[in-house]
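Keep in mind that this is a model prediction, so the values were computed, not measured. Note on naming: letters A, B, ... go to the chains in the order of the sequence lines (proteins, then strands), and numbering restarts at 1 for each one.
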Protein chains: 2
Amino acid sequence: MSLLPTRNAALRYCTPLAREPISPEQAEGVSRMLKALADPVRLRLMSMILSHEGGEACAMCDLTEGFDLAPSTLSHHLKVLHDAGLVDRDKRGVWVYYKARSEAMGALRTLFSGDLAAPQSA
Amino acid sequence: MSLLPTRNAALRYCTPLAREPISPEQAEGVSRMLKALADPVRLRLMSMILSHEGGEACAMCDLTEGFDLAPSTLSHHLKVLHDAGLVDRDKRGVWVYYKARSEAMGALRTLFSGDLAAPQSA
DNA sequence: CAAGGACATCGACATGCGTACATGTTGACA
DNA sequence: TGTCAACATGTACGCATGTCGATGTCCTTG
């Protein structure tokens, strides 16, 4: 119950959108990642984590600045990112550090890679 | 009223997530694109459009196969993609052709580009 | 001009999602 | 052991969203 079996499934079958029509299963998996990222708060959180020193950030130390939200709300958003397999959670003492999962980031990069506008400039 | 002023705004300021914490405004704009894509049906539609010959596809000719949805539902999803600035609409006679907008696709590619796991392999 | 097809739009309904408050859990420290 | 701080979880509320049937609009064809 600790790891969802579908978490890695989408990553494995992640192909460029423009290569061929993706399968309903892949669409389901990928949309789960994108849904987690399709929120202004979570997008900023993800960017803050990614651009933070060491590629990881402490929840209440580094990730509260600039937000006018209740702590529980921030925690909820981080959980959504974690459940989607986008970030790893590492509890060190009292603080919790979040780090981006390179597999997930790579999958998203792959998704939008390739010649997405091939016949445009030609 | 034909073009939303915010449509191009997000594209202009689209920087890699890992470069620096994105601004709330950029997060708002980018999330609008991702929200449009964060649905299995629309993801498949986008992939079908991108991978179709010529980079464009006819709504009822090419984009209904494989879906068990009412035509109005498909039309709605295509409208969402269009409103988000992800596809262009071109009515030719009775048929409507949808084509991916290269600016939007490029923005998404930029978003997930860069070293998203810098201290990982080093 | 009439009929039909290819869409888009309009309610309407069920579900999902963002937010906050209250509460629970865990670890550091006196 | 008791207290406080850093979270996570549960519940609840309001709004957004996916879906559909019905209707409207535009173009083609007879």
> Measure from the side-chain heavy atoms of A:K91 and tell me the nearest of C:dT26, D:dA8, C:dC7.
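Shortest atom-to-atom distance from the side chain points to C:dT26.
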
> Within less than 4.0 Å of OP1 or OP2 of C:dG18, is there a side-chain N or O belonging to A:R42?
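For C:dG18, OP1/OP2 do have a side-chain N/O of A:R42 under 4.0 Å.
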
> Send over the distance from A:R32 CZ to C:dG16 P, rounded to a whole Å.
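So the two atoms are 13 Å apart, to the nearest Å.
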
> Under 4.5 Å between side-chain heavy atoms, counting indirect links through other Ile/Leu/Val/Met/Phe/Trp/Tyr residues: same cluster for A:V80 and B:V30 or not?
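The answer is no; the residues belong to distinct hydrophobic clusters.
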
> At their closest point, which heavy atom of A:S31 faces which heavy atom of A:E28, and how far apart are they?
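That would be OG-O, 2.9 Å.
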
> Expressed as a whole number of angstroms, how long is the span from B:H76:NE2 to D:dT17:C1'?
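After rounding, the reported distance stands at 7 Å.
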
> In terms of side-chain heavy atoms of B:S72, which of D:dG18, D:dA22, D:dA6 is nearest?
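So the nucleotide nearest the side chain must be D:dA22.
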
> Side chain of B:V96: nearest nucleotide among D:dT19, D:dC7, C:dC7?
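From the listed options, C:dC7 comes nearest.
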
> Atom CG of B:L69 to atom P of D:dG18: distance rounded to whole Å?
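Taking atom P of D:dG18 as the reference, CG of B:L69 is at 12 Å.
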
> Check whether any side-chain nitrogen or oxygen of A:T73 sits under 4.0 Å from OP1 or OP2 of C:dA20, and answer yes or no.
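Looking at the OP1 and OP2 atoms of C:dA20, one of them is under 4.0 Å from a side-chain N or O of A:T73.
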
> Output yes when B:E56 and B:R92 qualify as a salt bridge under the 4.0 Å nitrogen-oxygen rule, no when they do not.
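Between B:R92 and B:E56 there is a salt bridge, with a charged N closer than 4.0 Å to a carboxylate O.
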
> Given that A:K79 and A:V94 both sit by DNA chain D, which one's nearest nucleotide is further toward the 5' end?
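First, find each residue's nearest nucleotide; the 5'-ward one identifies A:V94.
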
> What integer distance in Å separates A:L63:CG from D:dA6:P?
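Distance check: A:L63 CG to D:dA6 P gives 14 Å.
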
> Tell me the interatomic distance from A:D90, atom CG, to D:dC7, atom P, rounded to whole angstroms.
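About 12 Å, once rounded to whole Å.
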
> Would you kindly give the OH-to-P distance between A:Y97 and D:dA6, to the nearest whole Å?
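It is 12 Å, rounded to the nearest whole Å.
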
> Is A:L81 reachable from A:F67 through a run of hydrophobic residues whose side-chain heavy atoms are each under 4.5 Å from the next?
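Per the 4.5 Å side-chain linkage, A:F67 and A:L81 are co-clustered.
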
> Please state how far atom CG in B:D39 lies from atom P in D:dA16, giving the value in whole angstrom units.
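Checked: the CG to P distance equals 18 Å.
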
> When you look at CZ of A:R19, are more than 12 heavy atoms from neighbouring residues, nucleotides or ligands closer to it than 6.0 Å?
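No, because the 6.0 Å sphere around CZ of A:R19 holds 12 heavy atoms or fewer from other groups.
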
> Of all the choices, C:dT19, C:dC17, D:dT19, which nucleotide is nearest to the side chain of A:K35 once you look at every atom?
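The answer is C:dC17, which lies nearest to the side chain.
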
> Between B:H77 and D:dT19, is there a contact of a side-chain N or O with OP1 or OP2 at under 4.0 Å?
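So the side chain of B:H77 is within the cut-off, an N or O lying under 4.0 Å from OP1 or OP2 of D:dT19.
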
> Does the side chain of A:S75 get closer than 4.0 angstrom to OP1 or OP2 of D:dC7 through an N or O atom?
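Result: no.
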
> Using a cut-off of strictly less than 4.0 Å, decide whether A:R92 has a side-chain nitrogen or oxygen near OP1 or OP2 of D:dA6.
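Result: no.
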
> Taking the minimum atom-to-atom distance to the side chain of A:R89, which one of D:dA8, D:dC7, C:dC7 wins?
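So the side chain of A:R89 is nearest to D:dA8.
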
> Does the side chain of B:Y98 get closer than 4.0 angstrom to OP1 or OP2 of C:dA8 through an N or O atom?
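The answer is yes; a side-chain N or O of B:Y98 sits under 4.0 Å from OP1 or OP2.
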
> Would you classify B:L74 as touching base, sugar-phosphate or nothing, given that sugar-phosphate means primed atoms plus P, OP1 and OP2, and contacts are heavy atoms under 4.0 Å?
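The residue B:L74 makes no contact with any strand.
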
> Could you tell me how far apart B:L81 (CG) and D:dG18 (P) are, to the nearest whole angstrom?
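It is 10 Å, rounded to the nearest whole Å.
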
> Establish whether A:V96 and A:L50 are linked, either directly or via other cluster members, by ILVMFWY side-chain heavy-atom contacts under 4.5 Å.
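Result: yes, single cluster for both.
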
